Amino acid sequence: LSTSALGWLQAILGGALLANPKWRAIGGRHLVAATLCALAPLFKMYVDHDRPSTMAWVQEQESVYARSFPSGHTTVAFAIGVLWFVTLRRQGNQWAPLVLVWSVLCGVSRIYRGVHWPSDVIGAALLGTLIGLGVLYTFAGAASVPVSDSASAPPSSPADEANNPS
C-alpha cells in the first residue's frame, strides 16, 4: 500500500494523465503536487527525529535508519489525495472520499511497518494537505477534469442570487 505513494510513481501517473488531452489539466496538477512533495526531505535535514526502527523493541519490517520527520510517503499520499478529493467532489463524484481513505491508510501503514512515529505521519498529512490545496489554489483558473454539462456552469455569486431569486 505504501508503495503506491512513492513520489516517482505518482509523477509517472501524472505524466500519463498529461498524455490524454481530456485529463491534461488534472494531470498537470497531479504532476506538480507530486514534484512539490520532493521538498519533504528538506525537513528531515533540520528535524532530528530518529525512526522507531532504531529502537531495540521494534520488530522492524524495513531497514530505514535516516531521520523520519515528515513521512515522505504520507506527504505524497495526502497531496495527491486532497487534490483528487477536491477535484472529484467538485464533479459530484460519490467515490471521492476513497482517495482520502487511501491517504490515511498509507500513513497508517508507515506506522505499522515501524518506520515512522505517529507525529511523522500527522506532520506529513498536514504538509501534504497544504501542498494539495496550494496546487488547487494556484491553478484555480485552469481547466479541470471534464464534468457533465449541468455541473460545468460557473457558480453564481451572492449578488447574482440577490438579483435573480429562484
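Count residues from 1 along the sequence. Just so you know, these numbers use all the heavy atoms, side chains as well, and skip hydrogens, waters and symmetry mates. Note that the structure is a prediction, hence the values are computed from the model and not measured.
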Participant: Can you name the nearest heavy-atom pair linking Gly123 to Pro70, along with the distance?
Facilitator: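 Scanning both residues completely, I find the closest heavy atoms to be C-CB, 4.4 Å.
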
Participant: Taking side chain as C-beta onward, heavy atoms only, is His73 less than 4.5 Å from Ser109?
Facilitator: no

Participant: Which residue in the set Leu130, Leu126, Leu127 passes side chain to side chain contact (heavy atoms under 4.5 Å, CB included) when paired with Thr75?
Facilitator: Leu127

Participant: Output the distance between atom CZ (Arg29) and atom CH2 (Trp23), rounded to the nearest 0.5 Å.
Facilitator: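 If we round to the nearest 0.5 Å, Arg29:CZ and Trp23:CH2 are 12.0 Å apart.
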
Participant: Does a donor on one side chain and an acceptor on the other come within less than 3.5 Å for His30 and Trp84?
Facilitator: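 The criterion, which ignores hydrogens and geometry beyond distance, is satisfied for Trp84 and His30.
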
Participant: Is any side-chain heavy atom of Gln91 closer than 4.5 Å to a side-chain heavy atom of Leu88?
Facilitator: yes

Participant: Of all heavy-atom pairs between Ala124 and Ser71, which one has the smallest distance, and what is that distance?
Facilitator: CB-O, 3.1 Å

Participant: Starting at CD1 of Ile80, measure out to CZ of Phe85 and round the result to the nearest 0.5 Å.
Facilitator: 15.5 Å

Participant: Just so I know, are the side chains of Val104 and Phe78 near enough to count as touching, which here means a heavy-atom distance under 4.5 Å?
Facilitator: yes

Participant: Looking only at heavy atoms, which two atoms of Gln94 and Pro97 are closest? And how far apart?
Facilitator: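 Of all heavy-atom pairs spanning Gln94 and Pro97, the closest is O-CD, 3.5 Å.
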
Participant: Heavy atoms only: give me the nearest Gly27-Leu17 pair and the separation to one decimal.
Facilitator: CA-CB, 3.5 Å

Participant: Given side-chain contact (heavy atoms from CB on, under 4.5 Å), test Val82 with Leu100 step by step and report yes or no.
Facilitator: CA-CA 7 Å; Val82 166; Leu100 294 180; 4.3 Å; yes

Participant: Is there a path from Leu105 to Ile122 through hydrophobic residues (I, L, V, M, F, W, Y) whose side chains come within less than 4.5 Å of each other?
Facilitator: no

Participant: Taking transitive links into account, so neighbours of neighbours count too, which hydrophobic residues share a cluster with Leu31 at under 4.5 Å side-chain distance?
Facilitator: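 Same cluster as Leu31: Leu18.
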
Participant: Considering residues at least two apart in sequence or located in another chain, which fulfil the side chain to side chain contact (heavy atoms under 4.5 Å, CB included) criterion with Leu36?
Facilitator: Val32, Leu39, Ile131, Val135

Participant: Partners of Ile111 by side chain to side chain contact (heavy atoms under 4.5 Å, CB included), sequence neighbours excluded?
Facilitator: Pro118, Val121

